[in-house]
Amino acid sequence: MSKDKNTFYLTTPIYYVNDAPHIGHAYTTTAGDVLTRWHRQKGENVWFLTGTDEHGTKVQRTAEANNVEPKVWADKLVKEAWLPVLKTINAANDDFIRTTEQRHTKGVQAFWELVKKNGAVYEGSYEGPYCVGCEEFKLPGDLIKEDGQELCPIHSKPVEMLSEKNWFFKLKNYQQPLIDHYTKNPEAIQPPSAYNEVMAFLKQGLDDISMSRSAVSWGIKLPWDEKQVVYVWFDALLNYLTAAGFGEPEDSEAGKLFKRIWPIDVNLVGKDILRFHAVYWPAMLMAAGVEVPKCVFAHGWLLVGGEKMSKTKLTGIAPSQIVDYVGADAFRYYFLSAIRFGQDGSFSWEDLTARYTAELANGLGNLASREAAMIEKYFEAIVPKPGELTAADQVLVELIKSASKEADEAILKLDFSTGINAIKSIVEAANLYVTEQEPWKIAKDEANKERLATVLYCVAETLRAIAILYHPIMPESTAKIWNILGANESIGDIAKQKIENVGNWGQLPAGSKVIKGEAIFPRLVEDEQ
RNA sequence: AGCGGAGUAGCUCAGGUGGCAGAGCAAGCGGCUCAUAAUCGCUGUGUCGCGGGUUCGACUCCCGCCUCCGCUACCA
């Protein structure tokens, strides 16, 4: 590969600015955030990009309906809807690109100019059913059939066949190169079901595709034909490139960034937009002579009541509804642990509540709480110096090693639920350990002080490992655990702790000052939903 | 219609080159008291979508069927 192996560039799709953000959008961003935080804690040079897609007729139309310019409308939506979501779920993205930004429009024009120069764009005509009311072309599948006529579903008026001059991209030329590429690199589309879908699609043959629109004005003008704008998808997909500094001088800031991070390591997408990312997008890159992403990963949908969330059925749930209830950390934990990434999964408030209570409040939160209470009570809030480890203690030592390895392998493959499960097994083992060792009984005899110290040390040290491993998933709560352990002072910043070193026993120094504080995961009050 | 995925405990879902059906949650009982009425242990339940076939044996393999979902060229 052309870049340093120690860099990791991940993108989310850019979200269509006109939609109302719901937990499906937040789910994708959360997964990207957890994965990039994990890579950061592996000491890699990470770049995490997200953003908004702002062109197209829908935005143009709602802006008109609201009596403002499209850009003003988009500004408002970005500011009031999309940027706040990132805060809500606590995403640590490195950049946020908007397709109306100059760096993007400039990059898109340069890109297509290059592709045209390379001979992959030509002028042609597009013919299709056109609704005069909508002033746009319709898809055959969208039309309503009535009395032998085909009607526009919005205006219920007959459509007419119209043709317009368009510029076409020679997609067909890339059919074989794409098949070859994916045959050689089967890991480039994941999960395997997505791979199969794309391969089936490719093998049935590709046709050239119109890459410009003449009837739309809210878009990026073709540099060689100002009457046309770039078709939205062929504008939007390029954000990954323009945000990375494509086409900028090599010695500029942006140019250096591009050199450092390209190609994309993971193009994270929802399964509904897989084809655009696994077919059109790499074909465009091939046409421009740019290296294609290493992997596109299509995750599943969140189902509510067994169905895809929908605006018309009002099943869309805003991320803040959930975050207000359980907090950002639990939001992140819940969606990534309860649902297998890559498959569809059901969301329900009952399940969310049950898992929060069982796994976070009773499991992890209470473990920290009981440990802190005992260190306060028996050792004046100072982490004690351990004595010789027994076989029971060694179980924890070994488990941290094996579970962290398992979690690492799973999360690098974007199998978040398996990864989280592995970490959860450490929490469960620690709770079991405390119950079995019965430190409160040992404490009754002053002669056993050293054993008591050892037991409490083992639990504290285990909490250290758990906090580090869970940090990419629950940054705030793990920082609280870190604080309880007094680890900021005795070890340093939790975000700087390396995944690889988690299993090295004994990093939490005796003498660390423990602060019990408030419950990390307070019990839920059953008043919402 | 074609292709692909799915149908397993009350709920959410694992699993399996064919050999007494699994986890978590929920429910019940018991232990413990450091802790956020917490934690730990024990306990049940299933015609593994339907009908055939292969086999000593099928939830698993084969055939047919039913139901749900996705993809099948320009929807952002």
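We name chains A, B, ... by the order of the sequence lines, and we start the count at 1 in each one.
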Would you say C71(B) has OP1 or OP2 under 4.0 Å from some side-chain N or O of Gln204(A)? no
Please state how far atom CG in Leu171(A) lies from atom P in C74(B), giving the value in whole angstrom units. 12 Å
Stem segments of RNA chain B by first residue number [Watson-Crick or G-U, under 3.5 Å, at least 3]: B:1-7 with B:66-72, B:10-13 with B:22-25, B:27-31 with B:39-43, B:49-53 with B:61-65
Phosphate OP1/OP2 of U39(B) contacted by Asn362(A) side-chain N/O (<4.0 Å): yes
State, to 0.1 Å, how close Ala31(A) and Phe416(A) come at their nearest heavy-atom pair, and which atoms those are. O-CZ, 3.7 Å
Nearest to the Arg213(A) side chain among U39(B), C74(B), A76(B), which nucleotide is it? C74(B)
In whole angstroms, how far is the P atom of G70(B) from the NZ atom of Lys271(A)? 7 Å
Just verifying a value: how many Å separate Leu485(A) CG and Ile375(A) CD1, rounded to the nearest 0.5 Å? 7.5 Å
For the side chain of Tyr16(A), starting at C-beta, report the closest nucleotide among U33(B), A76(B), C34(B). A76(B)
Begin from the C-alpha positions of Phe331(A) and Tyr325(A) and carry the test ring-ring contact (aromatic ring centres under 6.0 Å, His included) through to its verdict. CA-CA 9 Å; Phe331(A) 177 100; Tyr325(A) 181 41; over 10 Å; no
All heavy atoms of Ala410(A) vs all of Gly419(A), minimum pair found to be CB-N, 3.6 Å
In whole Å, what is the span from the OH atom of Tyr15(A) to the P atom of A76(B)? 19 Å
Have a look at Ala361(A) and say if it touches a base, only the backbone sugar-phosphate, or nothing, with a 4.0 Å heavy-atom cut-off. base
Could you tell me how far G49(B) sits from U12(B) if I compare only their P atoms? Round to whole Å. 15 Å
When rounded to whole Å, the CD to P distance for the pair Glu438(A) and C32(B) reads 9 Å
Side-chain contact check for Arg523(A): nearest option of U33(B), U36(B), A73(B) is U36(B)
Check every strand shown and say whether Ile273(A) touches a base, only sugar-phosphate, or nothing at a heavy-atom separation below 4.0 Å. base
Just checking Ile520(A): base, sugar-phosphate only, or nothing, at a heavy-atom cut-off of under 4.0 Å? base
So, for Tyr356(A) and Ala330(A), which heavy atoms are closest and what is the spacing to 0.1 Å? CD1-CB, 3.6 Å
Closest-nucleotide ordering on RNA chain B, the 5'-leading residue of Ser369(A) and Asp351(A): Asp351(A)
Using the C1' atom as the reference point in each nucleotide, state the distance between G4(B) and C11(B) in Å, no decimals. 28 Å
I'd like the P distance from A14(B) over to A6(B), given in whole Å. 9 Å
Please give, in whole Å, the distance from A73(B) P to Lys172(A) NZ? 15 Å
Here the distance between atom P of C3(B) and atom CD of Glu197(A), to the nearest Å, is 14 Å
Testing the basics here: between Ala20(A) and Trp82(A), what is the closest heavy-atom pair and its distance to 0.1 Å? C-CZ2, 4.5 Å
Using a heavy-atom cut-off of 4.0 Å across all strands, would you classify Trp301(A) as base, sugar-phosphate, or nothing? sugar-phosphate
Could you check whether Asn196(A) gets within reach of a base, just the sugar-phosphate, or nothing at all, counting any heavy atom under 4.0 Å? nothing
Between C61(B) and U45(B), how many Å separate the two C1' atoms, rounded to a whole number? 29 Å
Work out how far the P atom of C62(B) is from that of G18(B), and round it to whole angstrom. 10 Å
Check the pair Phe341(A), Tyr27(A) against ring-ring contact (aromatic ring centres under 6.0 Å, His included), reporting the backbone distance first and the verdict last. CA-CA 10 Å; Phe341(A) 204 63; Tyr27(A) 178 53; 5.7 Å; yes
Can you tell which of C40(B), C32(B), A73(B) lies closest to the side chain of Asn431(A)? C40(B)
So which nucleotide from C34(B), A73(B), U12(B) ends up closest to the side chain of Met374(A)? C34(B)
Quick test of your reading of the model: are Glu461(A) and Arg464(A) salt-bridged, counting only N-O distances below 4.0 Å? yes
Using atom P of each nucleotide, how far apart are A21(B) and G5(B) to the nearest Å? 27 Å
Quick one: label Phe276(A) by what it contacts on the DNA or RNA (base, sugar-phosphate, nothing), any heavy atom closer than 4.0 Å. base
Measuring to OP1 and OP2 of C3(B), would you say a side-chain N or O of Lys203(A) lies under 4.0 angstrom away? no
Gap between atoms CD and C1', on Glu54(A) and A76(B) respectively (whole Å): 13 Å
When you compare G51(B) with U8(B), how far apart are their P atoms, in angstrom units rounded to a whole number? 15 Å
Starting at OG1 of Thr105(A), measure out to CZ of Arg98(A) and round the result to the nearest 0.5 Å. 12.0 Å
Answer yes or no: does a side-chain N or O of Ser346(A) lie under 4.0 Å from OP1 or OP2 of C13(B)? yes
With nearest nucleotides of RNA chain B determined for Phe201(A) and Leu360(A) from heavy-atom distances, which residue corresponds to the more 5′ nucleotide? Leu360(A)
At under 4.0 Å between heavy atoms, what does Leu367(A) touch on the DNA or RNA strands: base, sugar-phosphate, or nothing? nothing
May I ask you to say what Gln343(A) touches in the nucleic acid, namely base, sugar-phosphate or nothing, with a heavy-atom cut-off under 4.0 Å? sugar-phosphate
What's the gap between G15(B) and U43(B) when it is taken at their C1' atoms, as a whole Å value? 23 Å
Would you say the side-chain atoms of Asn431(A) and Arg370(A) include a donor-acceptor pair closer than 3.5 Å? yes
Arg340(A) CZ to A14(B) P, straight-line distance once rounded to whole Å: 6 Å
Between G31(B), C74(B), A14(B), spot the one nearest the side chain of Thr435(A), thanks. G31(B)
